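To find a chain, count down the sequence lines: A is the first, B the second, and so on, and within it residues start at 1. All values below were derived from every heavy atom in this structure, side-chain atoms included, with hydrogens, water molecules and symmetry-related copies excluded. Predicted model, so just to flag it, every value in this text is computed and none were measured.
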Protein chains: 2
Amino acid sequence: MKDVAARAGVGLKTVSRVVNEEAGVTPDTVARVQAAIEALGFRRNDSARLLRTRRTSSIGLVLEDLADPFYAPLSRAVEDVARAHGALLFTGSSAEDPRREQELVLAFCARRVDGLIVVPASDDHRYLSPEIEAGVATVFVDRPAGRLDADVVLTDNAGGVRDGVAHLIAHGHRRIGFIGDQPGIHTAAERLRGYREAMAAANLPVSNAWYAMGPTTPERVRASIDAMLSGPEPVTALLAGNNRVTVTAVRVLSGLTRPVALVGFDDFELADLLSPPVTVVAQDAPGLGRTAAQLLFRRLDGMASDAPTRTELPARLIPRGSGEIPPAS
Amino acid sequence: MKDVAARAGVGLKTVSRVVNEEAGVTPDTVARVQAAIEALGFRRNDSARLLRTRRTSSIGLVLEDLADPFYAPLSRAVEDVARAHGALLFTGSSAEDPRREQELVLAFCARRVDGLIVVPASDDHRYLSPEIEAGVATVFVDRPAGRLDADVVLTDNAGGVRDGVAHLIAHGHRRIGFIGDQPGIHTAAERLRGYREAMAAANLPVSNAWYAMGPTTPERVRASIDAMLSGPEPVTALLAGNNRVTVTAVRVLSGLTRPVALVGFDDFELADLLSPPVTVVAQDAPGLGRTAAQLLFRRLDGMASDAPTRTELPARLIPRGSGEIPPAS
DNA sequence: CCTGATCCTGACAACGTTGTCCATGTCTTG
DNA sequence: CAAGACATGGACAACGTTGTCAGGATCAGG
């Protein structure tokens, strides 16, 4: 910038003014400066600029896995909102590891992002308090923050599962299985709650053998399904607690001769082309991202100190067939 | 940092030393400084640090769409490599719009990222020359740079399609259709080339009605397929030029009574569970990302000035059944 | 021709770090 | 005990930008 000033024969500040398109510079001078900028291939150093202005125009997004088909559209929605507000996006995957989440969050804070959107992997976010007090707007999405009062945008997980289970009950099922993610994960616990509530609402007992929580590896899911289908009171229908469980469930069930009804949580591409087409409870992944990002920017634009809010987006049952299979007699 | 120094009763530089874990500070002093840091909730401002050191430890990734099932794993792979090198990742989607690509790239450069990984949306990257000369390592991935000699990591698109078409020919097909993306997109052009080459290698003529290039909207793809199947010389097999085309093709073909063989480009989840299971030519998306990122960091770690390289990763045919459907007589 | 208002422009400090260099104090060695 | 080596700490400038403020033209009105 110094070089540009020298070449254009003007002061440093005048160059700054031109670069920022501030008013109050003679067109003639502007032209001279522009020419110098062009000639020298000058590009403003935003790092320095942001050091001075104390706004980085960037936000950090921490989620579980950028490559997960559920989170990818969420990120994209966040990105779109960020772009509309002229902000760039740092992304990072926590891989469900609390330490990695914290590392990422703190690294983003050290870069002085204006705000954070976090899909929590840990259940204790008190480490974030100093940052939030220091002015980093923070919105949690998909799962609430642990031990911290902060904005959160969620799907109505329990409600979604209730609808799914009610759908199965409506088609005659009484022994319904639920296969969820690790019980420590908030969404997994909520979905289990929805399952219990729906069963209770229909006055159906729930055997301990009918629900299983744990890692969503194909092996574990397969084992859980096998167990549920082979016990003394085998289930006639399954509710798969998330997209990865659903995929494995579809695979396992397709290998059986006995038909088993299935409702999956989270929609997925081509679900309608499988046989039978897979009924799902769909979350609005882009909606979660968009809502969270919009809230974040509203915080940045002034409503910084209002009380934290909690937004819940509905889940939507999409009947396609696999939930309408009648119970095997 | 000033505050920390004051509270610990040491000089500014000593705090800096402690924060950076530099040698030459008494353990006693270190403890005092640590305590002050703790008490004040101090966190080093990386923006300032990086202004001084001229390394931002961050890289920028520009791709077409973060939410695309092909690019999501690619980003994740890039992220993993970046993390291993202690760098953070800026991401941005160009939405196939050259202007947006340029905006993102230049915004990243203004932030002084150490390096860039770009999936080109434009065919002219000369705007990047000054940046590259200024020291921004740049690797193009999935498609080569336009009018710029730079590192690039590609899939062997033509080879992959050749294998796919050969597979169809081996199963008796003679009239094979190809549905590709916009012809201006390098990968689309390469795949078309592979199609032509494979047909030529088998001494098969190619009718103009057998290949169609254009946007990958369901409407356009559907129309193209309809046309290919209804002309005077209807095709008996289709090669879908990318994942979105495949999805629509599966959908369209499943609605037909006449069986049509299909090979898709890009693998997708549950392809094996459709009926018939979908044969694909799979790209190694994580491999592309990993290779590009590793190359980028090798550039950053010294091999800055070596000649640009071109790496081509093989595509792999995964026969699942849909490619083995014999031609309808 | 003078005065004050208006408009441009540039000098300077500051943002929060780190690199350089020097001062001080302590230890080792002849 | 003197002198050099070494360990430790701090002052200062610099990174590249912007905010503040004051100085100098220019212009209109009296």
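Note on A:R112: every side-chain N or O is 4.0 Å or more away from OP1 and OP2 of C:dC15. Within the structure, a side-chain polar atom (N or O) of A:T14 is placed less than 4.0 Å from OP1 or OP2 of C:dG10. A sub-4.0 Å separation between OP1 or OP2 of C:dT18 and a side-chain N or O of B:R49 is present. An OP1 or OP2 oxygen of C:dG16 is reached within less than 4.0 angstrom by no side-chain nitrogen or oxygen of B:S47. Taking 4.0 angstrom as the limit, A:N45 places none of its side-chain polar atoms (N or O) nearer than this to OP1 or OP2 of D:dC15.
Checking C:dT18, D:dT8, D:dC15 against the side-chain heavy atoms of B:R44 singles out C:dT18 as nearest. Each of D:dG9, C:dT18, D:dT18 was ranked by its minimum atom distance to the side chain of B:T53; first place goes to C:dT18.
A 4.5 Å side-chain heavy-atom check between A:V10 and A:V4 finds every atom pair outside the cut-off.
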Less than 3.5 Å apart, which donor and acceptor atoms pair up between the side chains of residues 25-33 of chain B and the rest of the protein, not counting sequence neighbours?
residue, atom, partner, partner atom, Å
B:R32, NE, B:A8, O, 3.0
B:R32, NH2, B:A8, O, 3.4

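Looking only at atom types and distance, the side chain of A:E64 has no donor-acceptor partner in the side chain of A:S94 under 3.5 Å away.
Residue A:R17 places a side-chain atom within donor-acceptor reach of the base of C:dG10, judged by atom type and a 3.5 Å distance cut-off alone. A donor-acceptor contact under 3.5 Å is not formed by the side chain of A:K2 with the base of D:dG16.
Judged by closest nucleotide on DNA chain D, B:R52 is the one of B:R52 and A:S16 placed further toward the 5' end.
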